[in-house]
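So the structure is just underneath, and the comments pick up after that.
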Amino acid sequence: MAVSRRLFVTAATALAVTGWPALPASAAPADPRYRIPVSPDDTEADLVRKASQVRPTARQIAWQRLERTAFLHFGVNTFTGLEWGTGDEDPDVFQPAGLDTDQWARALRDGGFQLAVLTVKHHDGFVLYPSRYTDHSVGSSSWRDGQGDVLRSFADSMRRHGIKVGVYVSPADENQYLHGVYANGSARAEHVIPTPVPGDDRSPRRSYTLPATDYGAHMLNQLYEVLTEYGPIDEVWFDGAQGRIPPDKVEKYDWDSWYTLVRSLAPDAAIAVSGPDVRWVGNEGGLAREDEWSVVPVQEKDYGRTDYALAYDAADMGSRDALVKAQPVADYLQWWPAECDVSIRDGWFYHTDQQPKTVDELTDIYFRSVGRNSVLLLNIPPDTDGLLPAADVVRLREFRERVDHELPKDLARGARTTTGPGRVTVDLGGEREVDRIRLAEDVRHGQQVESFVVEALVNGAWTEVTRAGTIGLSRILPLPTAVRARQWRVRATGARSVVRIAEFGLYRSRV
């Protein structure tokens, strides 16, 4: 059988199915092989072989194990009612009189989140900390007599409650466009970061000389502030939005310099979703593809930006057919896992006339994101008082409880496990009802499974219970009705290389 179809399971699998080994994000392998070049001369077999050799960095594995992360859209839009600000807002409109970021952290912790990403700057350019490089910030508001710092409060509260800290710094900046900096047509030149300003009392241990446009340098300086003055940052979130400007004034972003600075100042931070670590799934509904590959074809564009070789919303991003289809434009095959963003309400910012999604809706999103080899990024927007709305707080707790009831106890944990070519068999020691199945590959060795079947030994015969395509780091399969059996097995029916199963979980939901 060809290498691209090997269906072996290592002997170590019997140990691996009992749980994941510890893997600190900083312990990146010497040769992560997270991207492998492709050539126009590659055959389909060459492409599949290369895809089987792509490996994630430890940083990427640590990020995906979080499963659910939180997004918090907060800024002047919260008070103007807009979703995309204009950049000429009066900073004094920002007046969250009851700001309580500890309340945010408690609600997120109780909702099962381990990382939260704050919109430090949205497209309007208003920043939630007193920056040296713009007056469009909390420092220009009368809120807290101009001494307020939402980012400081947010970071301190999240860490106090055991939640990792992420930041969203929008590349688009309507305010800097109005000030003639964004999209001004300036050529790239060397800039010293941080750039000293009048009254600057910083004594940086290291400065950086990086190529950038005028606006690119502005972004670098703000990134430097955020990444050096607020403690460890675990995710830096960029989108690819352009300002609402004439087409001939598009700002070409200095991705290479931005990535370099982030990697230097926050080496363990995942850079998403216009970044090399994490990709946008392609919709804002929180839904992954039925078969979501972490190894996908990419092209490098616009000063080093990792970009899609296929359409961002393509129905198929990583199958054999997709690898071949992307070949004419692809530069690499890369480990680029999907993040599924969605808001708990209809809008990204708070609006009084909107209500949170139901528990059923959120649970469906969970199974179609986390259950499909992706991370769910759920937005919960603070209100004009600076609090997460009471209805949303209740819904987050209900959502966590529902997931806990859907997957209450792994019946296979501690059970006798045997392995063979392309399969793992579990003996529960007695007949048990199962209606949820959770699988994971040991992705430290890549994503290999292309198709699989789960079977139960019923009346002395192996009977198919369910089948699907990819697995990756997380695949959850709800069964339409419970199946009662003592012995269960998963068999890979198609694979790119050696199959290593890290988890084969069996559950009886309490819903």
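One-based numbering along the sequence shown. Since this is a predicted model, take the numbers as computed values, not measurements.
Counted within 6.0 Å of NE2 on His161, heavy atoms from surrounding residues, nucleotides or ligands total more than 12; the atom is thus considered enclosed.
Remark: the His351 side chain and the Glu83 side chain contain an N/O donor-acceptor pair separated by less than 3.5 Å. Thr213 and Glu251 form a side-chain donor-acceptor contact under 3.5 Å, judged by distance and modelled atom types alone. Side-chain contact annotation: Asn373 with Gln64, donor-acceptor N/O pair under 3.5 Å present. Looking at Asp42 and Ser39, their side chains never bring a donor and an acceptor atom within 3.5 Å of each other. Side-chain contact of Ser497 with Ser52: a donor-acceptor pair under 3.5 Å is absent, judged by distance alone. In summary, the side chains of Ser131 and Glu225 do present a donor paired with an acceptor at a separation below 3.5 Å, with no hydrogens or angles considered. A donor atom on one side chain and an acceptor atom on the other are found under 3.5 Å apart for Gln242 and Tyr182. Side chain to side chain, Asp135 and Ser140 fail the donor-acceptor criterion of an N or O pair below 3.5 Å. Side chains of Ser274 and Asp239: no donor on one and acceptor on the other come within 3.5 Å.
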TODO: Could you walk me through whether Arg320 and Glu450 pass salt bridge (charged side-chain N to carboxylate O under 4.0 Å, His left out), step by step?
DONE: CA-CA 9 Å; Arg320 292 172 182 244; Glu450 295 174 302; 2.7 Å; yes

TODO: Determine, step by step, whether Phe238 and Trp280 satisfy the ring pair (Phe, Tyr, Trp, His ring centres under 6.0 Å) criterion, reporting the C-alpha distance in whole Å, the side-chain angles of both residues, the deciding distance to 0.1 Å, and the verdict.
DONE: CA-CA 10 Å; Phe238 298 121; Trp280 180 43; over 10 Å; no

Open item on the list: With ring pair (Phe, Tyr, Trp, His ring centres under 6.0 Å) as the criterion, how do Tyr34 and Trp335 come out once you've worked through the C-alpha distance, each side chain's angles and the decisive distance to 0.1 Å?
Closed with: CA-CA 5 Å; Tyr34 90 104; Trp335 195 275; over 10 Å; no

Task: Chi angles and distances behind the side-chain contact (heavy atoms from CB on, under 4.5 Å) call for Glu67, Tyr366 - done: CA-CA 9 Å; Glu67 293 192 359; Tyr366 173 84; 3.6 Å; yes

Task: Residue pair Gln95, Thr384: steps toward the side chain to side chain donor-acceptor pair (under 3.5 Å) verdict - done: CA-CA 7 Å; Gln95 296 288 339; Thr384 52; over 6 Å; no

TODO: Report the C-alpha separation of His122 and Ser170 in whole Å, then their side-chain angles, then the decisive distance to 0.1 Å, and conclude whether the side chain to side chain donor-acceptor pair (under 3.5 Å) test is met.
DONE: CA-CA 5 Å; His122 202 248; Ser170 170; over 6 Å; no

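Aromatic ring centres of Trp336 and Tyr308: separated by under 6.0 Å. Checked against the 6.0 Å centroid threshold, His73 and Phe71 count as a close aromatic pair. Phe349 and Trp84 have their aromatic ring centers separated by at least 6.0 angstrom.
Residues passing the side chain to side chain donor-acceptor pair (under 3.5 Å) test with Asn283, sequence neighbours excluded: none.
The heavy-atom pair separating Leu377 from Trp237 by the smallest distance is CD2-NE1, 3.6 Å. Smallest separation of non-hydrogen atoms from Arg345 and Pro381: CD-CG, 4.2 Å.
Expressed to the nearest 0.5 Å, how far CG of Leu378 lies from CZ of Arg68 amounts to 10.0 Å. One distance of note links CG of Leu108 with CG of Leu388; it measures 6.0 Å at 0.5 Å rounding. Here the CZ atom belonging to Arg263 is positioned 9.5 Å from the CG atom belonging to Asp268, to the nearest 0.5 angstrom.
Under 4.0 Å is where a charged nitrogen must lie from a carboxylate oxygen, and between Arg279 and Asp307 no such pair does. Using a 4.0 Å cut-off between a side-chain N of Lys or Arg and a carboxylate O of Asp or Glu, Asp291 and Arg289 do not qualify as a salt bridge. Taking a cutoff of 4.0 Å between a charged side-chain nitrogen and a carboxylate oxygen, Glu290 and Arg372 qualify as a salt bridge. In summary, Arg305 and Asp254 do not engage in a salt bridge, as defined by a charged side-chain N under 4.0 Å from a carboxylate O. One finds no salt bridge joining Arg59 and Glu235 here, because no Lys/Arg side-chain nitrogen approaches an Asp/Glu carboxylate oxygen to under 4.0 Å.
Judged by the 6.0 Å distance and 45° axis criteria, Arg152 is positioned over the aromatic ring of Tyr230. Figure legend: cation-pi geometry between Lys252 and Tyr303, with NZ or CZ positioned under 6.0 Å from the six-membered ring centre and within 45° of its axis. Seen from the ring of Trp293, Arg496 counts as a face-on cation partner, given the 6.0 Å and 45° thresholds.
Exactly one residue among Glu300, Gln299, Arg35 makes a side chain to side chain donor-acceptor pair (under 3.5 Å) with Gln334. That residue is Arg35.
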